[in-house]
Amino acid sequence: MPRETTEAMRGRSDIVLAADRLSIEARTKEEDAERRVAVLAPASNFTDALAGANAAARRNASLYLIGDSGLTKELKEQLEQYESFLVVDSEGLIDEEMTRSLEALVD
């Protein structure tokens with residue numbers, strides 16, 4: 001189920017959900033410049049992955065494509081180095097469990 005675009009997921013500024021691909025560019029890269037940001041997108045949605053690649057390139061950030069298996073142990077270990085996440089997900093493929101895992105990484 002698609003989720004609304006929000007500036008902060010659940011009032012958090014460290015995990016930003018971009019359900020609308022156009023809203024990603026409305027968020028300026030200066031907002032992310034002072035933190036290590038990782039961009040995440042579902043691997044199964046080409047347009048989200050493409051928008052995520054553009055967002056990552058503009059921020060000099062890393063892009064991680066999330067597969068059907070979700071956040072694997074290896075991926076979680078890599079994501080621990082980041083202070084915030086920009087999640088590109090127009091179709092709601094990144095579920096609540098993955099969201100909780102991301103929140104745990106930045107707490």
Side-chain angles (χ1 to χ4, degrees):
M1 81 185 147
R3 293 175 270 185
E4 292 181 17
T5 301
T6 58
E7 176 56 25
M9 184 183 295
R10 294 187 184 165
R12 300 175 66 113
S13 62
D14 49 11
I15 303 175
V16 177
L17 172 66
D20 171 6
R21 288 182 286 276
L22 296 176
S23 69
I24 299 164
E25 294 313 316
R27 181 179 170 85
T28 64
K29 62 183 179 180
E30 288 78 23
E31 292 177 86
D32 296 323
E34 295 183 20
R35 296 190 268 196
R36 288 189 48 98
V37 176
V39 179
L40 293 89
S44 60
N45 185 319
F46 176 75
T47 52
D48 282 351
L50 188 60
N54 184 52
R58 291 172 54 91
R59 290 165 175 79
N60 196 28
S62 295
L63 171 66
Y64 293 91
L65 298 178
I66 308 301
D68 293 335
S69 58
L71 297 178
T72 63
K73 179 181 176 185
E74 294 80 12
L75 181 55
K76 285 180 186 179
E77 289 173 359
Q78 288 185 12
L79 294 177
E80 286 177 351
Q81 65 182 314
Y82 296 98
E83 298 170 351
S84 63
F85 302 103
L86 174 59
V87 180
V88 183
D89 184 17
S90 65
E91 296 182 5
L93 299 173
I94 296 179
D95 62 17
E96 187 66 29
E97 181 181 337
M98 285 188 231
T99 301
R100 282 193 301 273
S101 294
L102 291 174
E103 290 172 344
L105 291 171
V106 294
D107 282 338

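This is a predicted model, so every value here is computed, not measured.
- Distance check: Ser44 OG to Glu91 CD gives 7.5 Å after rounding to the nearest 0.5 Å.
- Here the closest non-hydrogen pair linking Ser84 and Val37 is OG-CG2, 3.2 Å.
- Shown here for Ile66 and Met98, the closest heavy-atom pair between the two residues is CG2-SD, 3.6 Å.
- Taking both residues in full, the closest heavy atoms of Ser90 and Asn45 are given as OG-ND2, 3.7 Å, listed atom of the first, atom of the second, then distance.
- Evaluation of the side-chain contact (heavy atoms from CB on, under 4.5 Å) rule for Leu50 yields Phe46 as partners, not counting sequence neighbours.
- With contacts defined as side-chain heavy-atom distances shorter than 4.5 Å, the pair Asp89/Pro42 qualifies.
- When the side chain to side chain donor-acceptor pair (under 3.5 Å) test is applied to Tyr64, the partners found at least two apart in sequence or on another chain are Tyr82.
- Within the 4.5 Å cutoff, side-chain heavy atoms of Arg59 are placed close to those of Leu86.
- Nearest heavy atoms, Gly52 versus Val39: O-CG1, 3.6 Å.
- Within 6.0 Å of CD in Glu97 there are 12 or fewer heavy atoms belonging to other residues, nucleotides or ligands.
- The CD atom of Gln78 lies 11.5 Å from the CG atom of Leu71; values are rounded to the nearest 0.5 Å.
- In this view, Glu77 and Lys73 satisfy the side-chain contact (heavy atoms from CB on, under 4.5 Å) rule, not counting sequence neighbours.
- In this structure the side chain of Val87 never reaches within 4.5 angstrom of the side chain of Thr99, judged on heavy atoms.
- Glu80 is linked by a side-chain contact (heavy atoms from CB on, under 4.5 Å) to Leu105, counting only residues two or more places apart in sequence or in another chain.
- The two residues Ala38 and Leu40 come nearest to each other via the heavy atoms O-CD1, 3.7 Å.
- Residues that satisfy the side-chain contact (heavy atoms from CB on, under 4.5 Å) test with Ala49, not counting sequence neighbours, are Leu65.
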